[in-house]
Structures are given as structure tokens and as C-alpha cells.
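Beneath this line is the structure, given in C-alpha cells, with notes to follow.
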Amino acid sequence: MNISNQIYEIINSEDFNNRLEQINRNYPNLKQENVIRNAILEQFNDFYANEHVRAFAEHPRINNTRVDLSIVNKGCLAKPYKIEFKYHFCDFEDSFASYHNRINHEFNVRNSNMYILIVQTFASDKKETFDKSWDITTSFWKKNE
């Protein structure tokens, strides 16, 4: 099975869905890109890692930045399989029409093999009520990401 199919299976699994529910419950005030990336990494290593294949976060370093997630195969792949993650909120839906420039940049700069865009959706009024009830502040809405 190829890596893209393995990642697809993880993302569509019941285990991952349960993990996303835990992430949303425990990190409602954070941008969850790294937590979700780590969940995929952990499930990949639980299901597919062996003495030749393993997932790593923040590897390799390219052009003074790190690739979000890579799958390294000691025996077969000359280069790691590189996956980039981006996380946005539902308020950015209007900007997705021109999003191809950002995706192309990731593939050109890091020579990525896969790009995973995570879009968090929620009712803004319910989120505001939740935050006020717990006296927390979240700053999700940076319009120029």
C-alpha cells in the first residue's frame, strides 16, 4: 500500500474521528494544526511503522524551515515522503478561491508529496459564548495568514 492511501485510511478511520473529538474537547482555544498532525503521526507509527518505515514530525529541514510530517523509509525511498499541513477557520472560506498559490508554494519550496488543509468550522456566536463562560480568550481570526 502506498503512503497516500495509508494517510487516507488513517484520516477516514473511526479511531481518528474519536481522536479529533478529543482534540476539539481538550484544545478549544488553540489552532489545532500540530495536535492533528501529531495524531496522524502517532496512528501512522502505530499501524504502519516497522524497522524500515517511520513517521517523523518537523523533519527534514528545507530552506531554513521544517517539513510538518515526513515518512522515512530506510531501505526504499531516497527522500522522505513529505506532508505539509495548513489550518484555517471557516471565516477564511472566501479566500479559498485563490488558495492554489499557497499550495503551489508549499510544493515548490519544500517539494512536498502531500498537502493537508484542515478547515475548522464552528458557530462564532457559540464559540464566543463558550469562551466568555470560561473567561478565556482565543485569537483565531488573523485575517492575513
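The first residue in the sequence is number 1, and the count goes up from there. Just so you know, these numbers come straight off a predicted model, no measurement behind them.
By the salt bridge (charged side-chain N to carboxylate O under 4.0 Å, His left out) test, R54 is found to be paired with no residue, residues two or more places apart in sequence or in another chain being considered.
Salt-bridge annotation for R37 and E33: absent, with no side-chain N of the basic residue lying under 4.0 Å from a carboxylate O of the acidic one. A salt bridge links E42 with R19; the closest basic N to acidic carboxylate O contact falls under 4.0 Å.
Within the model, atoms CG of L69 and CD1 of I116 stand 7.5 Å from one another, a figure rounded to the nearest 0.5 Å. Note that the NZ atom of K132 and the CG atom of D135 stand 11.0 Å from one another [nearest 0.5 Å]. Considering CG of D68 and CD1 of I40, their distance stands at 10.5 Å, rounded to 0.5 Å. Taken to the nearest 0.5 Å, the CG atom of N38 stands 11.0 Å off from the CG atom of N45. Note: F16 CZ to I36 CD1 = 6.0 Å, rounded to the nearest 0.5 Å.
At a threshold of 4.5 Å between non-hydrogen side-chain atoms, the residues N17 and E14 count as touching. Using a 4.5 Å heavy-atom threshold, the side chains of Q6 and I3 count as touching. Between K86 and I118, the closest side-chain pair of non-hydrogen atoms is not below 4.5 Å. Within the 4.5 Å cutoff, the side chain of Y81 has no heavy atoms near those of the S70 side chain.
Counting only N and O atoms by type, the side chains of S13 and D15 include no donor and acceptor under 3.5 Å apart.
In this structure, V67 is not a member of the same hydrophobic cluster as Y115, with clusters built from ILVMFWY side-chain heavy atoms closer than 4.5 Å.
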Handout entry: Y48/E9 under side-chain hydrogen bond (donor to acceptor under 3.5 Å, both in side chains): CA gap, chis, key distance, verdict
Key = CA-CA 11 Å; Y48 302 112; E9 283 188 5; 3.0 Å; yes
Problem - From CA spacing to verdict: side-chain contact (heavy atoms from CB on, under 4.5 Å), V53, I71 - result: CA-CA 7 Å; V53 178; I71 310 299; 3.7 Å; yes
Practice task
Kindly indicate, with the supporting measurements, whether the criterion side-chain contact (heavy atoms from CB on, under 4.5 Å) is fulfilled by Q120 and Q32.
Solution key: CA-CA 9 Å; Q120 174 78 38; Q32 300 166 357; 3.6 Å; yes
Exercise for the section: Kindly determine whether K82 and I62 satisfy side-chain contact (heavy atoms from CB on, under 4.5 Å), including the steps that lead there. Expected result: CA-CA 11 Å; K82 298 179 290 274; I62 298 174; 3.8 Å; yes
Exercise for the section: List the steps, then state whether side-chain contact (heavy atoms from CB on, under 4.5 Å) holds for I83 with I7. Expected result: CA-CA 10 Å; I83 304 169; I7 300 298; 4.0 Å; yes
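By the 6.0 Å contact criterion, OH on Y8 is open, its count of non-hydrogen atoms from other residues, nucleotides or ligands being 12 or less.
With hydrogens and angles ignored, the 3.5 Å screen pairs a side-chain donor or acceptor of K127 with a backbone N or O of P28.
Nearest heavy-atom pair, I23 versus A39, reported as atom, atom and distance to 0.1 Å: CD1-CB, 4.2 Å. Shortest non-hydrogen contact noted between I136 and F130 is CD1-CE2, 4.3 Å. The two residues E51 and K74 make their nearest non-hydrogen contact at O-CE, 2.9 Å.
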